[in-house]
Amino acid sequence: MRFYTTLFLILFVQLATKGQIIFNTVEASFGTTNPFLCDSKVLTGFGKYKLPIAEIAITPDGRLLGHIGEQPSGPLDTLPYHICEFDFLKNSIIDTLISFRYSSSSLSISPQGDCYFGYASAIFSMNLITKEINSFAFPAIIPGDIQFMPEDSVLITEAESYPHHPPGQWIFRIDLKTKKVDTIMAFPQGERVYGLVTLWDYAAKKRRLYATLFSSSSNSNHKINSLIEIDLENKKLVPLCDRLLRGNPPVWGMASDDDVRTQFNIRMDLDPDNSSGRFVDHFQLDTLCLTNLPIADRDASIKSYIGGIDSLVVQIQSGIKHPGQEILELRSIFPGISASFMGKEKIVLRNLGTASDEAFTEALRSIRYRIEATEVQDGERVVLCNIYKNGIKGDPAMAYLRVRAYARPFAGNDASVQGCEHGTFIDLYKTLGPKAYPGGTWSPALQLNNLLNPDLDTAAHYFYIVKAGDCPADTAQVTVERPLPFPAIGINGIRERRTQIVQLCAGDSITWDISAGLLSARRYSWENQARTPPRRTFTQPGSHFINIEDYNGCTWVAGITILAANGDKAAKREKVTLRKGEVYVWENQVIRRDTLICRVIPRPSTCDSTYCLEVKFTTTSTRELAINRNADFYIPGLLHEGGHLNVFSHTGTKGRILDMEVWDQWGRSLWRGKDFLTNDPTQGWNGQSNGQWVAKGMYLSLAKIQLDDGTIEWVSGKIIQVQ
């Protein structure tokens, strides 16, 4: 039917720990809870078809069965109802065990595989193997659940409208052998039980009965989805968790693997870490092209709570396709254990009196299932494991082994991809298609698993090779095509994943023009913003980048980081006074009148300098001019080791140097001093830069002087460093 494929999207993480309960709600959602911790995990999202799941139960071999039906749209006795098995691995319904035309809100399964459910005034039973259905009358309506109690072979059920009882819900005990019905206890008015489940109490060595309770009474201590224990011996309710699900609909059904266990003193788990879709001890292995299989996981466990184990029996139970050619073998000899073989399909391990539980566990892990046939047939094989102690037989554990007959693993489709110079990594495995078998190897080998590094992995053809189990290898080929290098798109030709660092002086600007690089671009964007013109001018420090994608699908990034340059723009001003009629030559230019000329001189690693010449002509006589020049400040032309460069005056005029700087012939600043007196040979530049003596040669200096009357004078000069 249509709703089978969309009913379940079950994705339980684990049910490996003891004391866990599975539950379902009226919204077709599932979850787990621990009654000792009162924590719950709910899983929802089963598609658009939310079919009500009235109850769930676990079979002796760990399968989960659900009692489901369609949404009511007519008389209840005309609706189709089903008991179905669910596959936790494939998140789907495996099979419909039975379909009928009457509803039921109860479901329970015995350790022998008999399925019980109730309807109106009858109890039905169905054998899971033969599908045979039987029933017997029950003089009450069962609105809640029924629970099988293996110790007594009885059903515990909640029912109402029982003859000679006041209205309300009651707990009854039904003896399945004699069909006798006994009243145990009544529930408070307004409270109803929806789900029943049992867990084994190892400390008390008894089975405890738990239930979910829905209360419609405001005076009740129990609220919606309260988790309680039903103490049948003392006939009382024991509150455990006040609210199992907050804000969720009532819990309808609960189930646990303890429901179908009969022996808790001897436990065996073939796969304790992975339920593989089932909840009772089992091991399920979905293999590909293997004919030599383990029957248990490496973390399988055996535990006896009543002393040492007497024996372990392992045998192929069903699914044999090659009689006499499918065998069990024991790989090692274990101290204290004797092994006997009954044919090829059964192994009996006996304790000689000294073997520990761990020795039997290691022996179990070493057993292999092997097929010796030349033409292997597909199909699932089932291996049955049983342990014994003092005449007590533990619950059986099953190993489900699916054999595939040499089905070649598919490496994937041949593919072709474009590599990008300095581009991002390419996952070659994803190019093979969704059906490519995982875990293969690459030839030649890639730098990082399935990832191609366009700069380090240089081969043109890569082969993906898969080999699984005994299957022949399969190969797929990926051709890597390398386009032409992407044109430069950054300042000074910078490319993808590189950042150009530039310095910017105050008042200057930087222009980035990527027009040439866009000839091969499909799209681009500045700083992930909307598309802008390919030319941008920056006047402030900061970081900027551009994303570009070419027509091959390669993505590129280029960027610049603009830093503020050290120092401000330096202004150097030299004053010259001439008598009228004289001339002055500067930078091959003849000056005949009052002039202010400035020239920008680049300086490496710092901002540019501006040198200015101020020429003034005067009618002062030669004698007066000489007196003025003698009164002017001057910078000595020589600097000897141990001396200091300062500003001096021929006439002894005093002043304070506000700022003085020294440069080499290329305009690089070597020293800068501020706020010291003129005419002091112990103040000024000592001939060093950054703690190191400068080389012998010529240097330039400019000083700003403030006289006592506040007048500002500029003095410049050339210095010869003598060492």
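Because the structure is predicted, anything quoted here is derived from the model rather than measured.
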Peer 1: What's the spacing between Ile705 CD1 and Thr711 OG1 if we round to 0.5 Å?
Peer 2: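 So the gap between those two atoms works out to 11.5 Å.
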Peer 1: NZ of Lys704 to CH2 of Trp714: how many Å apart, nearest 0.5 Å?
Peer 2: 5.0 Å
Peer 1: To the nearest 0.5 Å, tell me how far Thr682 OG1 sits from His644 NE2.
Peer 2: 7.0 Å
Peer 1: If you compare all heavy atoms of Leu645 against all heavy atoms of Pro636, which two are closest, and at what distance to 0.1 Å?
Peer 2: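 Where Leu645 meets Pro636 most closely, the heavy atoms are CD1-O, 3.8 Å.
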Peer 1: Ignoring hydrogens, what is the shortest heavy-atom contact between Cys38 and Leu240? Give both atom names and the distance.
Peer 2: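 Closest approach of Cys38 to Leu240: SG-O, 3.6 Å.
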Peer 1: How far apart are the C-alpha atoms of Ile426 and Val480, what are their side-chain angles, what is the distance that settles it, and do they pass the side chain to side chain contact (heavy atoms under 4.5 Å, CB included) test?
Peer 2: CA-CA 10 Å; Ile426 303 173; Val480 180; 5.6 Å; no
Peer 1: With no hydrogens and no angle check, just 3.5 Å: does a side-chain donor-acceptor pair link Thr537 and Thr511?
Peer 2: yes
Peer 1: Taking only residues two or more places apart in sequence or in another chain, which ones pass ring pair (Phe, Tyr, Trp, His ring centres under 6.0 Å) with Tyr429?
Peer 2: Tyr464
Peer 1: Report the distance from atom CH2 of Trp685 to atom CD1 of Ile719, rounding to the nearest 0.5 Å.
Peer 2: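 Trp685 atom CH2 to Ile719 atom CD1 measures 6.5 Å (nearest 0.5 Å).
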Peer 1: Given Leu452, which partner from the list Tyr462, Phe425, Trp442 fulfils the side chain to side chain contact (heavy atoms under 4.5 Å, CB included) test?
Peer 2: Tyr462
Peer 1: To the nearest 0.5 Å, how far apart are CZ in Phe676 and CE in Met660?
Peer 2: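 So the CZ of Phe676 and the CE of Met660 are separated by 5.5 Å.
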Peer 1: How about Asp474 and Tyr437: do any of their side-chain heavy atoms sit closer than 4.5 Å?
Peer 2: no
Peer 1: Which heavy atom in Trp671 sits nearest to a heavy atom in Gln688, and how many Å separate them?
Peer 2: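 Taking every non-hydrogen atom into account, CB-O, 4.4 Å.
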Peer 1: Can you name the closest pair of heavy atoms from Asp39 and Thr33 and give their distance?
Peer 2: O-OG1, 3.0 Å
Peer 1: Only counting residues at least two apart or in another chain, list the ones meeting side chain to side chain donor-acceptor pair (under 3.5 Å) with His461.
Peer 2: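 So His461 forms a side chain to side chain donor-acceptor pair (under 3.5 Å) with Gln477, Thr479.
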